[in-house]
Engineer: 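First, the structure itself, so that you have it in front of you.
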Amino acid sequence: MDARATFGGGVAVITGAGNGIGAGLARHAAALGMTVVLVDVDAEAIAALGRELPGSVAVVCDVRDPDALESLAAQVYSDVGPVRLLVNNAGVEQFGYLWDTPVANWDRLVDINVSGVFYGIRAFLPRMFAAGAPAWVWNLSSIGGVVAVPLQTPYIMSKHAVLALTECLRLEVELAGHADRIQVQAVLPGAVRSNIFEAAGGVDGGDVEAAESQRAAMLDIKAEAMDPLEAARVVFDQSAAGEFYLLTQPDYVGNAMAERAEVLAQRRAPVLRTKQRFDPAQQ
Ligand SMILES: NC(=O)c1ccc[n+]([C@@H]2O[C@H](COP(=O)([O-])OP(=O)(O)OC[C@H]3O[C@@H](n4cnc5c(N)ncnc54)[C@H](O)[C@@H]3O)[C@@H](O)[C@H]2O)c1
């Protein structure tokens, strides 16, 4: 089935919908005929997007708060309708050597990128099971979920964690007898234009220059990054086609996945690259 036939007419809940990938997914979901619940801590951003997308609902909610996600799920099921698509998308970056990383930045990143996904699952999955209708759950991992990159260790770790969580969750949904209705899928974007590097944490002391040059290197990628609306179209189409790994740039991200499989199969130690990001040209 195509994306419109699969998702049109349903309700989509998207965390981190105020900017970047989440906003692209929200716009495309609305274009497919979905009612979109825009969830973010950035009240202004979701209010503005809400005005652009008639019929959407903007809810300020911090994914670090399990009670807030529980209230969100209750509110959506009572006031908007059963959820066809949950996107656990909110995420933040962090630059710098691990030993320089402020504990508060580490805690915040893990709370948003990893625990936030868990809280979303905890609040929405039982309601999806009870509703008995087809539903999809997308968790945002990354190309960073299959590579090792220095100076972004907490982020890369969190994206490996989300990938593992999503793979295990898919098995649990099958084990519990819901796989005929509930599709769990992992989204692995490559480079998509967003605010994530500007909004990223850095370090207060230690090697500030290393942290900030890594931020600058990542900001350089923005010029060649994919448009979030185009990324959304690709992801919706792959999801509707029943893929498990949803890749914004199938060649680029697929190469990184193949490289990861080979590194593990050959038990190769991580290799320091001249550009500290995944670049298939450097393989
Ligand atoms: N942009 C890329 O190239 C890229 C690549 C791979 C993976 N990703 C992943 O895509 C997701 C979206 O990232 P993006 O690049 O669009 O970033 P972004 O910074 O443009 O957007 C992230 C959104 O999440 C919101 N947010 C932050 N903390 C929150 C919280 N506690 N509760 C609710 N919302 C919160 C922000 O306000 C923002 O609107 C992230 O999980 C990121 O790791 C992005």
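Atoms within each ligand, like the ligands themselves, are counted from 1 in listed order. Nothing here was measured: the structure is a model prediction, and the numbers come from that model.
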Engineer: Going by distance alone, is a donor N or O of one side chain under 3.5 Å from an acceptor N or O of the other, for Tyr245 and Glu167?
Structural biologist: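 Side chains of Tyr245 and Glu167: pair found under 3.5 Å.
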Engineer: Strictly by modelled atom types, are Gln185 and Glu243 linked by a side-chain donor-acceptor pair under 3.5 Å?
Structural biologist: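 There is no such pair between these side chains.
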Engineer: I'd like the contact residues of ligand 1, where contact means a heavy atom below 4.0 Å.
Structural biologist: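 Close residues (ligand 1, cut-off 4.0 Å): Gly16, Gly18, Asn19, Gly20, Ile21, Asp40, Val41, Asp42, Cys61, Asp62, Val63, Arg64, Asn89, Ala90, Gly91, Ile112, Leu140, Ser141, Ser142, Tyr155, Lys159, Pro189, Gly190, Ala191, Val192, Ser194, Asn195, Ile196.
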Engineer: Parallel, tilted or perpendicular for Phe124 and Tyr77, by the 30°/60° rule?
Structural biologist: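 Aromatic pair Phe124/Tyr77 classed tilted.
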Engineer: Output yes when Glu230 and Arg193 qualify as a salt bridge under the 4.0 Å nitrogen-oxygen rule, no when they do not.
Structural biologist: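 Here Glu230 does not pair with Arg193 in a salt bridge, since their nearest N and O are not under 4.0 Å apart.
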Engineer: Salt-bridged, Arg215 to Glu212, with N to O below 4.0 Å?
Structural biologist: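 Salt bridge flag = yes for Glu212 with Arg215.
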Engineer: Ignoring hydrogens, what is the shortest heavy-atom contact between Gln94 and Tyr155? Give both atom names and the distance.
Structural biologist: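 The pair with the smallest heavy-atom distance is N-CB, 4.4 Å.
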